[in-house]
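First comes the structure, then the notes that go with it.
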Amino acid sequence: MNRYYDAMEHCAPGEGLRERLEENVLSARPERAKTYRPRRKKTALVLLAAVLLLATSAATIWDPLFVRRFGPNAALSALGGAVFQEVNVTSVCDDVSLTVTQALCSDKTIHYILEYRLPDGFSLEEGEYLSYPGRDLYYGTGDYTWEEFKAAEGDIWQDYDWSGLFGDYFDRDDFVLGPYNLAHSKDGNGNTSGSGRSKGYDPETNTITWMFSYDFNTGWDLTEQPMTILVTPPYTVAEDGTRTAVTDHPAIVTFQPAYDGPQARRGVFQEGDVKITATLSTFSLALEAQGTDYPWYDDMVKDTRLVKTDGSEQPVGLMGFTNGGSGIAGVDSGRAEEISTTVHFILLTDISEFTALRMGDYEIPLS
C-alpha cells in the first residue's frame, strides 16, 4: 500500500482548523483590500490542504520540479499518491555520485529527480558554463553495482572522449548493458521518448539537479525489475566553444521503481494496409499508425479522441503535448506512410475512465 495514498485517505483536519485558517487569512489582508468571498473560501481550502500535507507524518512533499510540471493539486490526489515514490538512493562512482531523490512512476513512464555531485574541487572558470550530461540511458539490469560495471567496462574509458556524442560507445555489440536496454521492446516493436529539465548548479553542494522524464512504450514493465540509470559526464563549455568533461567515466545508479495505480492499456487495429497501435498510461498516450492518410503525426493527434465509459469523447490534442514524432515517407508519394508520437498528458490521468480510442473513423478498444 502506498503510504502517501493511505495517509491522505485517512487523515482529517482537527476540530476548528478551517475556521482558524480563515481568520488568519482575513487578518493578514491589507486594510483597504476588498473582500471577495468565493476567492477567500478557495484560499482557505488551499491553505487547509497544505497544512494537512505538512502535518501528516507519513506524507512527503513533492519536489518543486514535480509541482511545476503537474500542478500543486496532483500531490494531494489519490492518483498522485499511487505514482509517487520517495527513493533517496545514492551511488558513489569514484569521484562523482548520483542520487535519485524522488520519482513519479507508472508501468510505462518515469519522472525522477536526479542529483549529480561533481568531483571535489570542481569550479567554473570565468566565462565557462556547465552543460547537461550528454546522455541518460536506462537498463532493466536487476540489482547492479558500480563496481560490476567498472570491472566490465573500465578499460574502455581510459582514452575515451567523454565530451563527445557517445554513439560509438553505446552502440558496441559487446557493451555490457546492451542486452538490458529498456528502450528496445521485448517483442522488437515500440518507441520511446524523453526530456529533461534542470534545476541548475548549486556551488555550495557542488551538485547539479535535473528532472528527467521518459516513456517506454515497449514490452517492458518498469516495475518488473530494478532499473539502472546511466548518465554520461556533464561538461564545461569555454568561451571559445571548447568542451571539457568533468570526469573520465560515466556513472550509474540502480533502484526499484514502484507504482500502485492502473496498468497501461493497449489497443491494436489492423485492416488491410492500415495498422494503428495505441498504448495509454497514467502519464501519456503513445500512437503509431501506418497506411493512414495523415500527412504527419500532429495531424494524427488532432484527429484522435479517447472514449469514456459513458460514450463521450475527449480530444487527445487538448490533454497534453508532444515533444516531436517520427515518420517514414513513401518513395513515390513523399507522404508519411508510418508515423508515431507520444502525447504527454498535462495532468495525471485516470485511465480507467476510458474504454477505447477513435482515430478518424477507426475505433480501437483498449484492454
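For the atom pair CD1 (Ile61) and CD (Glu86), the distance works out to 10.0 Å, reported to the nearest 0.5 Å. Distance CD/Glu338 to CD/Glu288: 9.0 Å, rounded to 0.5 Å. Separation of atoms CG (Asp94) and CG (Asp248) is listed at 8.5 Å; rounding is to 0.5 Å. Rounding to the nearest 0.5 Å places OH of Tyr297 at 4.5 Å from OG1 of Thr322.
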Subject >> Full working for salt bridge (Lys or Arg N to Asp or Glu O under 4.0 Å) between Asp303 and Arg358 >> reply: CA-CA 8 Å; Asp303 203 22; Arg358 290 185 181 134; over 6 Å; no

**OP:** Go through Asp174 and Arg172 one step at a time and tell me if the salt bridge (Lys or Arg N to Asp or Glu O under 4.0 Å) criterion holds.
**Re:** CA-CA 5 Å; Asp174 61 343; Arg172 294 169 16 235; 3.0 Å; yes

Subject >> Stepwise side-chain contact (heavy atoms from CB on, under 4.5 Å) check, Arg117 with Val92 >> reply: CA-CA 9 Å; Arg117 190 177 187 279; Val92 178; over 6 Å; no

Original post:
Can Lys308 and Gln314 be said to form a side-chain contact (heavy atoms from CB on, under 4.5 Å), step by step?
Top reply: CA-CA 8 Å; Lys308 294 187 175 182; Gln314 189 161 346; 3.1 Å; yes

**OP:** Step by step, work out the side-chain contact (heavy atoms from CB on, under 4.5 Å) result for Thr349 and Met319.
**Re:** CA-CA 9 Å; Thr349 300; Met319 298 175 66; 4.1 Å; yes

**OP:** Run the numbers on Phe354 and Val307 for side-chain contact (heavy atoms from CB on, under 4.5 Å), then give the verdict.
**Re:** CA-CA 5 Å; Phe354 304 104; Val307 183; over 6 Å; no

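For the residue pair Ser284/Asp215, the side-chain donor-acceptor check at 3.5 Å is satisfied. A donor atom on one side chain and an acceptor atom on the other are found under 3.5 Å apart for Arg266 and Thr279. Side chains of Thr247 and Asp95: a donor-acceptor N/O pair is present below 3.5 angstrom, by distance only. Thr282 and Tyr259 form a side-chain donor-acceptor contact under 3.5 Å, judged by distance and modelled atom types alone. Between Tyr169 and Glu153, the side chains place a donor N or O and an acceptor N or O closer than 3.5 Å (distance only, hydrogens not considered). Side-chain contact of Tyr116 with Trp210: a donor-acceptor pair under 3.5 Å is absent, judged by distance alone.
Checked against a 6.0 Å centroid threshold, the rings of Trp62 and His111 do not count as neighbours. Aromatic rings from Phe70 and Phe283 are positioned such that their centres are separated by under 6.0 Å. Note: Tyr160 and Trp162 meet the aromatic proximity criterion, with ring centroids under 6.0 Å apart. Ring pair Phe170/Phe175: centre-to-centre distance below 6.0 Å.
Proximity of Val83 to Leu348: side-chain heavy atoms (C-beta onward) are separated by under 4.5 Å at one or more points. With a 4.5 Å cut-off on side-chain heavy atoms, Val301 and Leu285 do not count as touching. A 4.5 Å side-chain heavy-atom check between Ile339 and Gln290 finds every atom pair outside the cut-off. At a threshold of 4.5 Å between non-hydrogen side-chain atoms, the residues Ile113 and Leu65 count as touching. Using a 4.5 Å heavy-atom threshold, the side chains of Thr242 and Val237 count as separate. With contacts defined as side-chain heavy-atom distances shorter than 4.5 Å, the pair Thr209/Tyr201 does not qualify. Within the 4.5 Å cutoff, the side chain of Val316 has heavy atoms near those of the Leu306 side chain. No side-chain heavy atom of Val343 sits under 4.5 Å from any side-chain heavy atom of Phe321.
In terms of hydrophobic clustering, with Ile, Leu, Val, Met, Phe, Trp and Tyr side chains grouped at heavy-atom distances under 4.5 Å, Trp146 and Tyr139 are assigned to a common cluster. Cluster membership check: Val89 does not share its hydrophobic cluster with Ile252, using side-chain heavy-atom separations under 4.5 Å among Ile, Leu, Val, Met, Phe, Trp and Tyr. Clustering ILVMFWY residues whenever any of their side-chain heavy atoms sit less than 4.5 angstrom apart, transitively, puts Phe216 in a cluster other than the one holding Val268. Side-chain heavy atoms closer than 4.5 Å link hydrophobic residues (I, L, V, M, F, W, Y) into clusters, and following such links, even through other members, never connects Phe84 to Ile346.
Ring pair Tyr362/Phe269 is tilted by interplanar angle, where 30° to 60° counts as tilted.
Cation-pi check for Arg68 over Phe66 is not met; the charged atom does not lie both under 6.0 angstrom from the ring centroid and within 45 degrees of its normal. In this structure, Arg243 forms a cation-pi arrangement with Tyr235, its terminal cationic atom sitting closer than 6.0 Å to the ring centre and no more than 45° off the ring axis.
Screening Tyr214, Phe255, Tyr180 against Tyr138 for a ring-ring contact (aromatic ring centres under 6.0 Å, His included) leaves a single residue, Tyr214. Partner Asp63 forms a side chain to side chain contact (heavy atoms under 4.5 Å, CB included) with one of Met211, Arg69, Gln102 and no other, that one being Gln102. Looking at Val87, Thr228, Val100 one by one, the single match for side chain to side chain contact (heavy atoms under 4.5 Å, CB included) with Val253 turns out to be Val100. The side chain to side chain contact (heavy atoms under 4.5 Å, CB included) test with Met227 singles out one residue from Thr254, Thr141, Ile110, and that residue is Ile110.
Panel note: side chain Thr99, backbone Thr101; no donor-acceptor pair is recorded below 3.5 Å. Judged by distance alone, the side chain of Glu128 and the main-chain N or O of Glu125 form a donor-acceptor pair under 3.5 Å. A donor-acceptor contact shorter than 3.5 Å links the side chain of Gln85 to the backbone of Gln256. Remark: side-chain polar atoms of Thr223 are not paired, donor with acceptor, to backbone N or O of Asp221 under 3.5 angstrom. Although no hydrogens or angles enter the test, the distance criterion places a donor-acceptor pair under 3.5 Å between the side chain of Asp107 and the main chain of Ala264. Under a 3.5 Å cut-off, the side chain of Thr236 and the backbone N or O of Leu130 do not form any donor-acceptor pair. Remark: the backbone N or O of Gln263 is not paired with any side-chain donor or acceptor of Arg265 at under 3.5 angstrom. For Ser77 (side chain) and Ala74 (main-chain N/O), a donor-acceptor pair under 3.5 Å exists by modelled atom type. Judged by distance alone, the side chain of Thr304 and the main-chain N or O of Met300 form a donor-acceptor pair under 3.5 Å. One N or O on the side chain of Thr207 and one on the backbone of Thr205 form a donor-acceptor pair closer than 3.5 Å.
For Phe345 against Ser281, the heavy-atom pair with the smallest separation is CE1-O, 3.5 Å. Scanning both residues, Gly267 and Leu366, for their nearest heavy atoms gives N-CD2, 3.8 Å. Smallest separation of non-hydrogen atoms from Cys105 and Pro257: SG-CB, 3.6 Å. Leu114 approaches Phe212 most closely through the heavy-atom pair CD2-CE1, 3.7 Å. Considering all non-hydrogen atoms of both residues, Thr232 and Arg135 come closest at OG1-N, 2.7 Å. In terms of heavy atoms, Asp143 sits closest to Glu148 at O-OE1, 4.3 Å.
The neighbour count for Asp159 CG, taken as heavy atoms of other residues, nucleotides or ligands under 6.0 Å away, does not exceed 12.
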